[in-house]
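The structure appears below as structure tokens.
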Amino acid sequence: MAKSTYGNGYLRPRGKKWYGYIRVIVKDSETGERVTDRISVILGERAGMTKKQARKALAREGAKRKGWFTANAPVLNDSRVTFDWFVRNRYIPLKKGDWKEETAKNKIALIESDLLEDLGDIPLRNFTRYDLQMQVNKLAETRSRDRVLQMRAYLRDIFSEALDQDFLVKDPALRVKVPGQLKQTDKTTLTWEQLRMVLDELTAMERILIELDITEALRPGELFGLRWKCFDPKRSNLRLQETVYKGKIRNWGKTAKSLSTIHLPPALAVDLAAWKKTCPDSSPEAFIFPNQDGGFMLRGQFRQTRVA
């Protein structure tokens, strides 16, 4: 079927879809002058759209682009939308509402280094399953197993979102596989004898802190937010009431159940009671594991002063 011209664009069926080709005015990246360019837009599936409906869709798309002169700011699902633009302007803004501030920084940094750096300039619609599989295979050569699994999950989520937002009509990431050969995560553990040797080298406060971390699996922010009023030697427990986060004390934890009462092994409760008798300040509001100034300790401070 030949193309049909309407106003500033034309309509053409290709395979199972209607394609619209629209003339737009853009700014030349080298000369800065305004020039005419042609973009392609998928208007819909031919099975569910008549030629008349496709013609109306083409007219709407053309009207939306009238007066659009910024080549680097695509707003709809045309052929110039790059992977980088979609991730930064459509995917991340949607996901950031579910991520905490520090988590968002880490996730975005990983996406930038492992995905956008290599794939960012590619138009979203140009991707094939092969392209994405090659990227995952490449990551598997240098990244850890967990990192590869994470990036593959992000790719699938990004392209699924692009499909939902009508930037694509087919998901190229749907069948991307995890490579068979992945770098194994280092699972080296200390023997009991090695662990005893480490604990023997620590001060009383450091040893109790490490033992609490080992036995109760507390997060650093929970450990360093403990005050003596949280310790009940008679009941042999600790009440988590505050946490340390980014240099501040807050009265909530990472999850809804983070702040709770935890039971201590009898021997650890005895050690903690002994530390209370010898620590610089055992008043109710004093921190159990204080820094040199008596305030709360930061995770980085503890690592730098004693534990590498």
Side-chain angles (χ1 to χ4, degrees), residues 99-107 144-147 150 183-308:
W99 298 338
K100 293 190 176 181
E101 183 180 355
E102 199 63 28
T103 300
K105 290 181 181 179
N106 293 334
K107 288 179 179 292
S144 67
R145 171 186 171 84
D146 291 343
R147 183 83 162 260
Q150 187 177 17
K183 294 181 65 176
Q184 294 301 314
T185 303
D186 186 358
K187 297 182 180 179
T188 302
T189 57
L190 297 177
T191 65
W192 287 112
E193 185 61 30
Q194 290 171 329
L195 179 58
R196 292 190 188 97
M197 291 175 61
V198 171
L199 294 177
D200 287 343
E201 293 294 320
L202 301 177
T203 65
M205 185 192 79
E206 293 166 346
R207 180 173 53 79
I208 293 170
L209 193 153
I210 294 296
E211 289 178 350
L212 262 177
D213 187 38
I214 293 173
T215 59
E216 305 297 339
L218 297 179
R219 300 180 179 91
E222 296 167 348
L223 281 169
F224 298 133
L226 288 170
R227 302 177 191 262
W228 283 116
K229 65 181 180 181
C230 303
F231 176 47
D232 187 340
K234 293 182 179 179
R235 292 185 172 84
S236 190
N237 65 33
L238 280 169
R239 298 187 310 279
L240 300 181
Q241 299 177 327
E242 298 171 309
T243 58
V244 174
Y245 181 71
K246 298 186 70 173
K248 296 181 179 180
I249 285 286
R250 58 183 189 178
N251 58 0
W252 70 89
K254 184 173 183 179
T255 67
K257 297 181 179 180
S258 292
L259 300 187
S260 60
T261 300
I262 59 173
H263 180 74
L264 300 175
L268 185 52
V270 171
D271 287 346
L272 194 56
W275 164 239
K276 184 176 182 179
K277 293 179 180 179
T278 60
C279 71
D281 185 356
S282 60
S283 61
E285 294 298 322
F287 292 99
I288 296 178
F289 307 111
N291 60 22
Q292 294 181 346
D293 300 324
F296 58 83
M297 193 182 300
L298 301 177
R299 177 171 52 185
Q301 291 176 328
F302 181 65
R303 288 176 174 173
Q304 291 171 4
T305 54
R306 198 62 170 85
V307 180

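Count residues from 1 along the sequence. As a basis for the values below, the full set of heavy atoms in this structure was taken, side chains included, without hydrogen atoms, waters or symmetry mates.
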Sub-4.5 Å side-chain heavy-atom contact between L212 and L264: yes
- prompt: Do the side chains of L259 and T243 get nearer than 4.5 Å, heavy atoms only?
  reply: yes
- line: Separation between CG (L223) and CD1 (I210), nearest 0.5 Å, reads 8.5 Å
field: Distance in Å, L272 CG paired with D232 CG, rounded so as to fall on 0.5 Å steps
entry: 11.0 Å
field: Distance-only side-chain donor-acceptor flag, T261 / R239, under 3.5 Å
entry: no
- line: Residue set satisfying side chain to side chain contact (heavy atoms under 4.5 Å, CB included) with T191, at least two apart, ordered chain then number -> E193, Q194
- prompt: When rounded to the nearest 0.5 angstrom, what is the spacing between NZ in K229 and OG in S282?
  reply: 14.5 Å
message: Please determine whether side chain to side chain contact (heavy atoms under 4.5 Å, CB included) holds for the pair I288 and L238, giving the CA-CA distance in whole Å, both sets of side-chain angles, and the decisive distance to 0.1 Å.
response: CA-CA 11 Å; I288 296 178; L238 280 169; 4.1 Å; yes
- prompt: Counting only heavy atoms not in R235, do more than 12 fall under 6.0 Å of its CZ?
  reply: no
- line: Rounding to 0.5 Å, atoms CD (Q150) and NZ (K107) come to a distance of 5.5 Å
- line: Closest heavy-atom pair, F289 versus M205, reported as atoms and distance to 0.1 Å, is CD2-CG, 3.5 Å
field: F287/V244 under side chain to side chain contact (heavy atoms under 4.5 Å, CB included): CA gap, chis, key distance, verdict
entry: CA-CA 11 Å; F287 292 99; V244 174; 5.5 Å; no
message: I need the minimum non-hydrogen distance between H263 and S236, along with the two atoms involved.
response: ND1-O, 3.4 Å
message: With no hydrogens and no angle check, just 3.5 Å: does a side-chain donor-acceptor pair link S144 and D146?
response: no
- request: Any chance you could lay out the side chain to side chain contact (heavy atoms under 4.5 Å, CB included) test for W99 and N106, step after step, and finish with the verdict?
  value: CA-CA 10 Å; W99 298 338; N106 293 334; over 6 Å; no
Which residues share a side chain to side chain contact (heavy atoms under 4.5 Å, CB included) with E211, sequence neighbours left out: L199, R207, L268, D271
message: Counting C-beta onward and ignoring hydrogens, is there a side-chain heavy-atom pair between F224 and L209 closer than 4.5 Å?
response: yes
field: side chain to side chain donor-acceptor pair (under 3.5 Å) against R227, all qualifying residues, sequence neighbours excluded
entry: E242
field: NZ on K248 to CZ on F296, rounded to 0.5 Å
entry: 10.0 Å
query: What pair of heavy atoms forms the shortest contact from W228 to D281, and how long is it?
result: NE1-O, 3.2 Å
task: Say whether, by atom type as modelled, one donor and one acceptor occur between the side chain of D293 and the main chain of G295 under 3.5 angstrom.
output: no
Worked check of side chain to side chain contact (heavy atoms under 4.5 Å, CB included) between N237 and I262: CA-CA 6 Å; N237 65 33; I262 59 173; 5.9 Å; no
